[in-house]
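Right, one structure below, let's go through it.
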Amino acid sequence: MNALPIDPALAWESLPAMLRGLMTTVVVTVIVLALGLMLCVPVTLARMSRNPLLAWPAAVFVVFFRGAPLLILLYLVYYGFGQIEVLRDGPLWFIFGSAFACAVIGLTLNHVAFMVDVVRGSLEAVPAGLTEASAALGIPPRDTFRQIQLPLAMRYGLKAYQNEVVMFTKGTAVISVVTVIDLTAVANEVFELTYDPFTPMLTAGALYWCLVNLIRLGFRKLEAYLSRHHIAVEKQRQPASAGFTALAARWKLALSQKEQVL
Amino acid sequence: MNISTADFWGYVGQMLDGAVVTIQLFMSGFTLALVFGVAIGIITLSRNIVIQAVWRVYASIIMGVPSLLIIFLLYYGGSAMLRGLFGNNLYVDVTPFGAGLAALTIVYAAYVAELVHGAVRNLPRGQFEACAALAIRPVSAWRHVIMPQLARLALPGLVNIWLIVLKDTPLVSLAGLNDLVANAKIAAGATKEPFVFFIAASLFFVVASALTMPLSNWLERRFARGLQRVKA
Amino acid sequence: MTSLATEAPMASPVAEPLRPIAVEMTGVDKWYGTFQALKGIDLTVRKGEKIVICGPSGSGKSTLIRCINRLEPHDKGTITVNGIELDGSPGRTQDVRLECGMVFQQFNLFPHLTILENCMLAPRLGRGVAKEQAEAIARRYLERVRIGEQAMKYPSQLSGGQQQRVAIARALCMEPRIMLFDEPTSALDPEMIKEVLQVMEDLAAEGMTMICVTHEMGFARRVANRCVFMDKGEIVEEATAEDFFGNPDSDRLKQFLAQILH
């Protein structure tokens, strides 16, 4: 397609600014992911609590901040904080008044709401049989949770967490609406200066692509590390002739189990 | 509240007009993504190297780049791209709605196609083998045996995509579409009442998401015909 | 006992040498990557014969039976079914599959269709039979496997033994000349094995040509004209049921029988 004129000179010229934008995107992402990991634990516990005074507010929090689009949450935080006099006249206004903090707060609210479901889903994915087996062995509930449920839930939840992190990282592209100069904001600025519709967007797109795939790569490494026991089994199966019987048997077993689920 | 009631209802009316635009964009975007996604998903089950290569590149770009960037790219560069495809004498003004619709379709068709692949992988191989053993031709097998089961297997993922498209739709307001969120922003700025209008806009999406659940449960019950286990 | 006759009645279920050949395999090899699943298989099955194939898991017995209706393509040698040679052309494969009914270990009923619809699907799509006629055929065979009253239920509402009987009826609805059974009772609870074997014995008594992969030695003794023992992809021994159990030749078969019959 000759209609996609990419201007290498412009791409090169704008690269330093783009990289600074990318840096902002990465910093925001890392801060919010860290906050998300910390905050999702108490909110999930509240959400799963049997006490309705804890469970209900947590459920409302999750439904609202999951359901509302990130864009509106950012507007709400950015324009809303200025309307709250206690905040505006308080000593912490230098934080709440800054665009960067507003972006972090808006993103965190959204991310934590999603994380609650990730954590809850992975805890519930641990087969009841394993906790029962642990209880039957006389292991106290506290240790069952720490030694059996949590490590297994981490493995089950990793894929969901990866999806959320990737989705979230791409979602940060909207923070430019509260005047944070992230990668998308830089690309937009370059467009407005040059009216070249392709070069800035494609350069930014390539940088986002690298970032997202770096994250995916990291998760793959982590997954390989966490599921060492599966890999060990895989290797035992390798030797051809004797292994094939076992492999075939496992296959049949796996298939029969799958069909029972269906 | 420091605005007159008449002004307030004026803004509410504007937001409702915006909501109609949002719903139109969302519904048409999801429908097109579903149609193209299922077609792409089935075509890319082919082992043909060219098809696989094109699919991999497309999927990788879509999964690695924010949808906002794709909306901008199509809005800013849309008419140049169309000129490149159909000749220089063509001049089309790409509207925000058109760019947004194209972007939502291109992005979410990839996710739907990925979902179709996953559903096919999760279908027991025995289903395909039984069709072969019963001398049912591939086209009939797909129509009568495979597709009905794929619909059920893909439904939870489809509901997920539905919710994500719903929450991506307001991004098109950043390309200048006069939708619900754009009008909420105008109203909030003019009245200095950001909480009222932004929370109202949020609730629109929260309620729309919440309404999805009964709808998907109903669909799931329909698709699960014959699949519920009867306790002996 | 109701009659299951699908072709000309036969004087005796025992095969005579001059009966026409139903299935002929000569020098069949099959590879999975570097693993050879079948090594030079020669097997002739005449019309009306009942063959039981057994052997340890991974010995290639399922692969052999799946080659007969080309669920697995073979790599070398020839397979001829009722005079049609399987050469890989879709037309001939289709013709052979119309001649053969197959029953799987995992039933493979279509979960989204009722029992009746399961049985009607193949005659309608494979043979182009009209709806009313297909329903009549389906009901007739469902009666014969003694499950007619369940016609409107879905597979998941039936027990394993009932599902397998439906699978047999579904295969019979194609009015095949040859029935292939791939471990039809291996996925069943012990109390359900009998009902399925009874249906198979009825079928045998009607003169159907049958090739069964099974470890049900009682069934083999009562029904089989010939038993075939496979190990490591080869046919090790082939004998009448009497000699097979009473007077095994090879050490491998002796060892296998000792394991299975003790």
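This structure is a prediction, so every number in the text was calculated from the model and none was measured.
In terms of heavy atoms, A/Pro69 sits closest to B/Lys167 at CB-O, 3.8 Å.
Ranked by non-hydrogen atom pairs under 4.5 Å with chain A, the options B/Gly189, B/Ala208, B/Ser202 are led by B/Ser202.
Interface remark: B/Ile62 contributes backbone atoms only to the contact with chain A (heavy atom separation under 4.5 Å). In this structure, the portion of B/Ser209 lying under 4.5 Å from any heavy atom of chain A is its side chain and not its backbone. Looking at A/Phe64, the atoms closer than 4.5 Å to chain B (heavy atoms on both sides) sit in the backbone and in the side chain alike. If you measure heavy-atom distances from B/Leu73 to chain A, the contacts under 4.5 Å come from both the backbone and the side chain. Using a 4.5 Å cut-off between heavy atoms, B/Ser173 touches chain A through its side chain atoms alone. With a threshold of 4.5 angstrom between heavy atoms, A/Leu71 approaches chain B through side-chain atoms but not through N, CA, C or O. For B/Ile70, no part lies under 4.5 angstrom from a heavy atom of chain A. Contact annotation for B/Ala188: neither backbone nor side-chain heavy atoms come within less than 4.5 Å of a heavy atom of chain A.
Put simply, CG on B/Leu74 and CE on A/Met201 are 11.0 Å apart, with the number rounded to the nearest 0.5 Å. Between the OH atom in B/Tyr76 and the CZ atom in A/Phe198 there is a gap of 13.0 Å [rounded to 0.5 Å]. With rounding to the nearest 0.5 Å, the separation of CZ in B/Phe72 from CG in A/Asn188 is 4.5 Å. Note that the CG atom of B/Leu180 and the CD1 atom of A/Ile72 stand 6.0 Å from one another [nearest 0.5 Å]. Summarising the geometry, atom CZ belonging to B/Phe195 is positioned 7.5 Å from atom CZ belonging to A/Phe81; distances are rounded to the nearest 0.5 Å. The distance from atom CZ of B/Phe205 to atom CG of A/Leu70, rounded to the nearest 0.5 Å, is 12.0 Å.
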Please determine whether side chain to side chain contact (heavy atoms under 4.5 Å, CB included) holds for the pair A/Tyr79 and B/Lys192, giving the CA-CA distance in whole Å, both sets of side-chain angles, and the decisive distance to 0.1 Å. CA-CA 9 Å; A/Tyr79 295 106; B/Lys192 303 259 186 304; over 6 Å; no
A/Lys170 and B/Leu69: CA distance, side-chain angles, deciding distance, side chain to side chain contact (heavy atoms under 4.5 Å, CB included) verdict: CA-CA 9 Å; A/Lys170 291 195 283 176; B/Leu69 218 60; over 6 Å; no
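At distances below 3.5 Å, not a single donor-acceptor pair connects side-chain atoms of A/Trp209 with backbone N or O atoms of B/Met63.
Within a 6.0 Å sphere centred on CD of A/Glu124, heavy atoms belonging to other residues, nucleotides or ligands number more than 12.
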